[in-house]
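Below is one structure, written out as structure tokens; the observations come after it.
Order of the sequence lines sets the chain letters (A, B, ...), proteins ahead of strands, with each chain counted from 1.
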Amino acid sequence: MIPFRLLTCLFLALAMQMAQAGPKIERWQTTGGATVLFVENHSLPIVDVQVDFAAGTAREAAGKAGVASLTRSLLDLGAAGMDEMQIASRMADLGAKLSGGVDMDRASVTLRTLSMPDKREPALAMLRAILSSPQFAADVFDRERARSIASLKEALTRPDAIASRAFWAAMYGAHPYGRYATPESVGALTRADVLAFHAGNYTAQRASLAIVGDLSRAQAKAVAEELTAGLPSGPGGLAIAVPEMPAAGEQRISHPAAQAHLLLGLPALKRGDPDFFPLSVGNYSLGGGGFVSRLMKEVRDKRGLAYSVHSYFLPLQQLGPFQLGLQTKKAQVNDALQVAREVLANFLDQGPSEAELKAAKQNLIGSFPLRLDSNRKLLENVAMIGFYGLPLDYLDHYPENIEKVTVADVKAAFSRHVRPEHLVTVVVGGE
Amino acid sequence: MPMPYPRLILLVLAAPLLALANPYEQQLANGLRVIVREDSRAPTVVHMVWYRAGSMDETNGRTGVAHVLEHMMFKGTPTTGPGEFNRRVAAAGGRDNAFTSRDYTAYFQQVPKQNLSEMMQLEADRMRHLNLDVREFGQEIRVVMEERRLRTEDQPQSLLLEQLTAVALQVHPYRVPIIGWMNDLENMTASDARLWYDNWYAPNNAYVVVVGDVDHDAVFQLAEKHYGALSARSLPVRKPQDEPPQVGVRRLTVKAPAELPVVMMAYKVPVIRGVESDVDPYALEMLSAVLAGHEAARFSRHLVREQRLAVNATASYDSVARGPGLFYLYGSPSEGRTRGELEAGLRAELARVQEQGVAADELRRAKAQLIAGQIYKLDSMFAQAMEIGQLESAGISYTMNRRMIEKLQAVTAEQVQAVARKYFREELLTVAELDPQPLPPPRARSPFVFRH
């Protein structure tokens with residue numbers, strides 16, 4: 001068995017080396033002012049590109065809720081003289097895939113293509129067309145608006161969607177993060193609203209590109225220039241206002257579902273805040289660490305109150321939420337809420353134990369290679385670093401930033417970011 | 001220097017040869033098969049244990065027991081306390097979970113590669129030494145009932161699918177939901193779980209799949225070390241329980257709180273039983289891609305975009321399964337259009353294929369997607385392990401994957417038209433409709449209550 005032990009040692013050495021080093025990321029700006037991050041990787045004949053614009057829902061004007069999402073969904077439904085079917089057929093012929101979406105901060109367009117020139121070049125040309133000259137045809141606009149209204153109406157019958165909306169509204173009030181689309185707000189949107197939103201937000205100055213895969217640096221540079229050359233020029237994004245902290249409170253909304261949905265939280269954390277590390281370590285023990293968290297133990301394992309219970313921080317451009325959530329059958333909603341509150345209060349009071357801290361670090365550092373073991377995961381990380389302007393060595397230093405967190409750091413960070421006097425609770429359903 | 005184009009040709013041409021060597025396979029004396037695929041792109045590994053026991057092996061009155069046992073597998077052995085399994089995986093820098101299907105139950109861990117041995121030790125331990133403590137069972141069965149409420153009771157589309165399947169199939173155990181009927185869960189005991197465990201959790205009813213930055217010989221030695229001591233056991237006899245012929249269309253309606261109506265149709269079709277000899281399942285796969293494989297496919301093009309009859313419409317078919325096959329069509333009508341109109345629209349699309357066939361460029365497009373999908377799959381070790389595991393669960397050797405892709409690429413337009421004519425017939429059809437019910441008017445939202 002000696003060869004074995006030797007092998008294990010080798011594995012260990014390699015893994016340690018990997019754990020310290022993230023991928024080699026290069027960053028530059030296009031002549032038009034877009035930021036580009038690139039990771040060269042030739043292990044598979046694939047190229048992934050993500051283009052993020054500071055064009056999320058937070059950029060919607062009051063009264064125009066829904067325009068960010070509608071604009072993004074119309075982007076690839078007609079561009080540069082091609083109608084939506086020509087675009088979709090061509091992409092399918094190439095085996096290329098377009099995807100993306102919208103969150104509070106970002107609107108994303110993602111392309112995955114094979115890297116052979118006869119596939120890659122036409123696929124990238126299509127992406128360029130979509131970015132630089134989307135048509136927003138009137139009949140397509142009408143149809144997509146109607147589909148969007150239909151899916152919103154459906155969502156508004158679902159307890160999880162109702163809870164999520166009420167929760168964000170309770171946390172953020174009139175702040176842009178608290179707004180959400182309704183069938184009425186989408187119904188009032190016009191094609192002109194979409195054109196204006198696109199012109200003001202999908203600009204080179206607001207674009208951030210992430211490119212991962214089978215390209216040389218020179219090729220990536222040319223691709224980035226090409227993709228962004230046709231983007232409209234405009235001012236960079238204004239800062240999003242600091243949200244006002246809500247007063248603690250509880251809202252109950254009736255619903256006939258078998259389970260009640262519970263959400264607790266508050267605006268808590270910005271991207272780039274150094275407290276991200278102690279909060280990540282602490283939240284692992286509280287409700288982030290899958291099956292081993294305190295919430296999972298108390299709510300699920302000990303009492304069988306829920307199938308899923310979680311907590312997380314969602315750092316955004318401005319203070320993104322800390323959220324604790326679970327679902328439970330309606331008769332036991334108050335029991336579950338009480339247990340969740342006790343677990344949280346106890347954690348805020350005492351922080352993690354030394355053993356919990358050690359376990360959290362062990363997992364967060366040990367599992368670091370799993371966060372980067374595919375081009376897809378690399379792309380997500382690199383796009384996030386690029387969009388939020390995090391340091392290029394963010395991934396390289398992630399393990400050591402986790403390692404140096406102490407129990408006192410966790411307690412202090414939680415006391416700064418999760419203050420009970422601002423904690424809002426939303427319960428949908430129950431008895 | 002990157003020279004991607006020649007390399008891809010090499011990849012495609014050399015694949016049949018490579019397939020002989022990688023993945024690698026070895027069977028232990030106790031019958032456990034170990035399949036290893038080397039992929040050195042990152043210093044991680046995925047380890048999966050698949051048991052050939054899923055909800056289709058359950059009996060009436062004990063539906064859901066396969067999935068309940070999956071939950072209990074995390075509740076401890078004499079040497080690994082309750083919850084300890086998850087703690088050990090987490091400490092190893094890993095992620096783990098499990099999933100139960102109609103055909104199988106599978107467990108996996110994704111870990112930095114140096115921790116594979118520990119994962120095998122943990123899995124081998126619970127393959128034979130599960131505690132199945134009565135008190136733990138009493139807690140966990142409540143969790144499973146919450147899971148059923150979350151995933152089925154409160155999800156109108158899941159309810160619809162559950163009811164459709166139970167009507168389309170009357171004899172074969174595929175008719176039963178994987179999570180089980182609520183009443184069976186309410187009456188389940190720890191000894192039901194024990195019986196299930198003793199029946200099916202044996203090395204000769206399992207296989208291990210490992211994909212990652214490993215050396216296959218080293219993995220085989222680890223497998224021998226950890227799993228080798230477990231004994232093979234005789235397994236219960238599996239009865240075919242073949243579905244008798246359907247003799248006419250079946251229809252049902254589900255009423256549930258929702259906004260959008262849904263029409264869901266299911267035709268009885270074959271699945272792959274002989275990789276070489278079969279033709280129809282491959283043609284059905286290509287038909288599914290032509291109908292709904294991408295944004296420019298027929299359903300999206302005709303029903304959603306041109307006619308604006310549907311807000312969404314799709315098709316789904318899986319040719320790899322232990323049990324009988326169903327080809328599903330489903331969608332929601334646009335506002336102002338009825339369920340009947342959408343059903344007629346879906347049927348008109350099928351009739352068009354039956355009468356006029358499919359165009360060469362439609363088929364070529366579906367095949368281009370297929371090939372690209374095979375390459376994209378290489379970006380995920382997990383997806384590669386899933387592919388091996390799922391083929392094996394249906395009794396198809398993972399070594400046949402390449403051959404199946406070739407068979408799919410060889411499908412002709414005539415074969416697609418032929419399967420449309422052969423299987424899209426009234427007497428093979430079940431239609432389910434979701435009839436949306438308005439929510440009771442919400443009681444006035446409680447004003448925001450301030451907590452002190």
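Neither the backbone nor the side chain of A:Glu421 comes within contact range of chain B, judged by heavy atoms closer than 4.5 Å. Both the backbone and the side chain of A:Ala150 come within contact range of chain B, judged by heavy atoms closer than 4.5 Å. When heavy atoms are compared at a cutoff of 4.5 Å, A:Lys302 approaches chain B solely by way of its backbone atoms N, CA, C and O. The parts of A:Asp139 that come within reach of chain B are both its backbone and its side chain, each placing non-hydrogen atoms under 4.5 angstrom from that chain. For A:Ile46, the part lying under 4.5 angstrom from a heavy atom of chain B is the side chain only. If you measure heavy-atom distances from A:Leu77 to chain B, the contacts under 4.5 Å come from the side chain alone.
Here B:Asp154 does not pair with A:Arg158 in a salt bridge; the nearest charged N to carboxylate O distance is not below 4.0 Å. Between A:Lys329 and B:Glu146 there is no salt bridge, since no side-chain N of the basic residue sits under 4.0 Å from a carboxylate O of the acidic one. Salt bridge annotation for B:Arg365-A:Asp93: present, with a cationic side-chain nitrogen under 4.0 angstrom from a carboxylate oxygen.
Nearest heavy-atom pair across B:Val143 and A:Gly304 is CG2-CA, 3.7 Å.
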Might you work through the side-chain hydrogen bond (donor to acceptor under 3.5 Å, both in side chains) test for A:Gln259 and B:Arg148, ending with a clear yes or no?
-> CA-CA 10 Å; A:Gln259 281 186 321; B:Arg148 186 181 156 87; over 6 Å; no
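Counting heavy-atom pairs closer than 4.5 Å to chain A, the top residue among B:Gly138, B:Ser332, B:Ala258 is B:Ala258.
With A:Asp301 as reference, B:Lys75 is the one residue of B:Lys75, B:Arg135, B:Arg87 to meet the salt bridge (Lys or Arg N to Asp or Glu O under 4.0 Å) rule.
Using cut-offs of 30° and 60° on the angle between ring planes, the pair A:Phe291 and B:Phe74 is parallel.
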